[in-house]
Number of protein chains: 2
Amino acid sequence: MKKEFRSLCPIASTLDILGDKWSLVLIRDMLVREKKTFKAFSASEEGIATGILASRLKLLESFGLITKRKLPDNKKENIYLLTEKGIDLAPVIIEVTLWGDKYMRKYNPELKAYEKLKTDKASIISTLQENYRQMVAKIIV
Amino acid sequence: MKKEFRSLCPIASTLDILGDKWSLVLIRDMLVREKKTFKAFSASEEGIATGILASRLKLLESFGLITKRKLPDNKKENIYLLTEKGIDLAPVIIEVTLWGDKYMRKYNPELKAYEKLKTDKASIISTLQENYRQMVAKIIV
DNA sequence: CCGGATCCGTTTCGATACTG
DNA sequence: CAGTATCGAAACGGATCCGG
């Protein structure tokens with residue numbers, strides 16, 4: 001197993017998308033916290049500047065991880081939604097979260113939920129993804 | 001489950017370490033490809049500049065993800081090894097790899113190994129980590 | 001040679017102000 | 001409210017240089 005595996009993991013091209021401070025935060029905001037608007041992202045606790053936010057949303061859209069649309073009944077507000085490609089990043093987000101919980105625990109106030117997350121990883125990921133899909137379905141009719 | 005989960009995932013602080021183009025590439029090089037020297041990292045297919053490499057290694061060391069040491073029998077060569085904290089990033093690397101395989105497949109020449117990886121994720125991660133620990137044990141005696 | 005520091009032009013970031 | 005404009009600060013990346 002080991003040898004063949006060494007030539008794998010060509011993650012560099014993937015990190016062109018994920019390898020920055022904001023992309024994963026935005027995707028987590030969408031998937032876990034169900035944020036959808038420029039305003040909501042902008043108000044994120046981590047404090048992203050509007051210029052960076054705009055460029056990051058554009059990048060994510062260009063890579064097909066999110067879509068941008070206006071609702072028919074609301075002309076002024078843009079809605080950003082994850083595509084399946086973006087929703088599929090849930091496992092990455094969960095693993096990063098778990099690692100952060102283990103080694104940067106000072107930033108984490110809620111331990112119980114993490115225990116559950118660790119033991120029930122797969123089902124929680126599926127639930128998270130399914131919930132998001134249903135929310136999207138309700139929005140775009 | 002959903003509501004309590006929303007306040008979680010404070011990944012921003014974690015992304016101060018992981019959220020850049022090179023950190024995860026270096027950790028993958030160490031863990032999966034067993035690279036250990038400045039020279040080896042420098043020769044990585046992705047082409048990192050020496051200045052960036054030096055600063056990145058220093059950063060990873062300062063966060064306790066890697067250690068730097070000289071072997072007693074070789075005074076000129078520095079050896080960089082992952083700590084447990086770094087080895088524990090294996091799940092993240094695997095998930096990023098799998099996502100990249102699914103959505104950036106043009107960069108991936110070996111599909112069979114990925115199928116195995118997908119179905120056998122947990123055991124492959126353990127094996128990978130255990131192999132690395134044994135290699136480290138052999139080196140530092 | 002190897003590890004890594006330094007210099008320098010270019011790119012990107014981040015905060016704030018501003019516009020439709 | 002959704003972004004763009006601007007500008008100083010920081011980071012990048014390539015090349016080169018230096019000590020052991």
Side-chain angles (χ1 to χ4, degrees), chain A residues 11-27 29-30 33-63 65-82 139-140, chain B residues 11-27 29-30 33-63 65-82 139-140:
Chain A
I11 58 177
S13 54
T14 303
L15 292 180
D16 286 340
I17 314 175
L18 303 183
D20 85 281
K21 200 180 161 185
W22 295 114
S23 299
L24 264 193
V25 169
L26 290 177
I27 291 165
D29 277 352
M30 294 192 228
R33 305 186 179 167
E34 300 196 348
K35 294 184 181 180
K36 293 179 280 296
T37 63
F38 193 96
K39 169 92 177 306
F41 299 131
S42 187
S44 118
E45 65 193 284
E46 289 92 357
I48 184 172
T50 59
I52 311 292
L53 174 55
S55 79
R56 218 46 57 169
L57 288 170
K58 215 167 283 180
L59 182 77
L60 292 176
E61 195 187 1
S62 82
F63 275 105
L65 275 74
I66 65 174
T67 59
K68 171 184 180 178
R69 71 182 73 210
K70 284 186 199 301
L71 296 181
D73 59 333
N74 188 343
K75 291 301 180 192
K76 60 190 169 184
E77 205 168 41
N78 284 318
I79 298 287
Y80 295 90
L81 295 173
L82 289 169
I139 289 179
I140 67 175
Chain B
I11 58 177
S13 55
T14 303
L15 292 180
D16 287 339
I17 314 175
L18 303 183
D20 86 281
K21 199 181 164 185
W22 295 113
S23 298
L24 264 192
V25 169
L26 290 177
I27 291 165
D29 277 351
M30 294 192 229
R33 304 187 180 168
E34 302 195 348
K35 293 185 180 179
K36 293 178 281 296
T37 63
F38 193 96
K39 169 94 178 303
F41 299 130
S42 186
S44 120
E45 64 193 285
E46 290 92 356
I48 183 171
T50 61
I52 310 292
L53 175 55
S55 78
R56 218 44 55 167
L57 288 171
K58 215 167 285 180
L59 182 76
L60 292 176
E61 195 186 0
S62 81
F63 275 105
L65 276 73
I66 66 175
T67 59
K68 171 184 181 177
R69 71 183 71 213
K70 283 187 199 299
L71 296 181
D73 59 331
N74 189 342
K75 291 298 179 192
K76 59 190 170 187
E77 205 169 38
N78 286 317
I79 299 287
Y80 296 91
L81 295 173
L82 289 170
I139 289 179
I140 66 176

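Letters A, B, ... are given to chains in the order of the sequence lines, protein chains preceding strands, and every chain is numbered from 1.
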>> Assess the residue pair Tyr80(B) and Leu60(B) against the criterion (side chain to side chain contact (heavy atoms under 4.5 Å, CB included)); give the C-alpha distance rounded to whole Å, side-chain angles, the decisive distance to 0.1 Å, and a yes or no.
In response: CA-CA 10 Å; Tyr80(B) 296 91; Leu60(B) 292 176; over 6 Å; no

Taking atom [atom2] of [N] as reference, at what distance in whole Å does atom [atom1] of [X] sit?
X        : N       : atom1 : atom2 : result
Asp16(B) : dG14(C) : CG    : P     : 10 Å
Lys39(B) : dC2(C)  : NZ    : P     : 4 Å
Ile48(A) : dC13(C) : CD1   : P     : 10 Å
Phe41(A) : dG14(C) : CZ    : P     : 17 Å
Lys21(B) : dT11(C) : NZ    : C1'   : 13 Å
Lys36(B) : dG3(C)  : NZ    : P     : 13 Å

> Counting just side-chain N and O atoms, does Asn78(B) come under 4.0 Å of either OP1 or OP2 of dC2(C)?
Replying inline: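 Result: no.
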
>> Can you see if the side chain of Lys68(B) gets near the phosphate of dG4(C) - specifically, an N or O under 4.0 Å from OP1 or OP2?
In response: yes

>> Need one value for Tyr80(A): base, sugar-phosphate or nothing, where a base atom within 4.0 Å counts as base even if backbone is also close, heavy atoms only.
In response: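 If one applies the 4.0 Å heavy-atom cut-off, Tyr80(A) turns out to touch the sugar-phosphate alone, with no base involved.
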
> Which part of the nucleic acid, if any, lies within reach of Ser42(B) when heavy atoms closer than 4.0 Å are counted: base, sugar-phosphate only, or nothing?
Replying inline: nothing

> What distance separates Thr37(B) OG1 from Asn78(B) CG, expressed to the nearest 0.5 Å?
Replying inline: 9.5 Å

> At what distance, to the nearest 0.5 angstrom, does CG of Leu57(B) lie from CD1 of Ile66(B)?
Replying inline: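 Reported to 0.5 Å precision, the distance equals 5.0 Å.
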
> Distance-only, no hydrogens or angles: does the Lys36(B) side chain make a donor-acceptor pair with backbone N or O of Glu34(B) under 3.5 Å?
Replying inline: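 Yes, Lys36(B) side chain to Glu34(B) backbone: donor-acceptor pair under 3.5 Å.
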
>> Can a donor-acceptor pair be found, under 3.5 Å and without considering hydrogens, that links the side chain of Ser42(B) to the backbone of Lys39(B)?
In response: no

> Going through the checks in order, is the side chain to side chain contact (heavy atoms under 4.5 Å, CB included) test met by Ser44(A) and Lys35(A)?
Replying inline: CA-CA 9 Å; Ser44(A) 118; Lys35(A) 294 184 181 180; 3.8 Å; yes

> For Leu59(B) and Leu65(B), what are the C-alpha separation, side-chain angles and deciding distance, and is it a side chain to side chain contact (heavy atoms under 4.5 Å, CB included)?
Replying inline: CA-CA 9 Å; Leu59(B) 182 76; Leu65(B) 276 73; over 6 Å; no

> Between residues 49-62 of chain B and DNA chain D, which residues have a heavy-atom gap below 4.0 Å?
Replying inline: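 Those residues whose heavy atoms fall under 4.0 Å from DNA chain D, taken from residues 49-62 of chain B in numerical order, are Ala49(B), Thr50(B), Ile52(B), Arg56(B).
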
Let me have the donor-acceptor pairs involving side chains of residues 15-24 of chain A, under 3.5 Å, with sequence neighbours excluded, atom names and distances please.
from: Asp20(A); atom 1: OD1; to: Ser23(A); atom 2: N; distance (Å): 3.4
from: Asp20(A); atom 1: OD1; to: Ser23(A); atom 2: OG; distance (Å): 2.5
from: Asp20(A); atom 1: OD2; to: Trp22(A); atom 2: N; distance (Å): 2.8
from: Asp20(A); atom 1: OD2; to: Arg56(A); atom 2: NH1; distance (Å): 3.4
from: Ser23(A); atom 1: OG; to: Ile17(A); atom 2: O; distance (Å): 3.1

> What's the verdict on side chain to side chain contact (heavy atoms under 4.5 Å, CB included) for Glu61(B) and Thr67(B), showing C-alpha distance, side-chain angles and the deciding distance?
Replying inline: CA-CA 6 Å; Glu61(B) 195 186 0; Thr67(B) 59; 5.8 Å; no

>> Distance under 4.0 Å to a non-hydrogen atom of chain A counts as contact; along DNA chain D, which nucleotides mark the start and end?
In response: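 Going 5' to 3' along DNA chain D, contacts run dC1(D) to dT4(D).
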
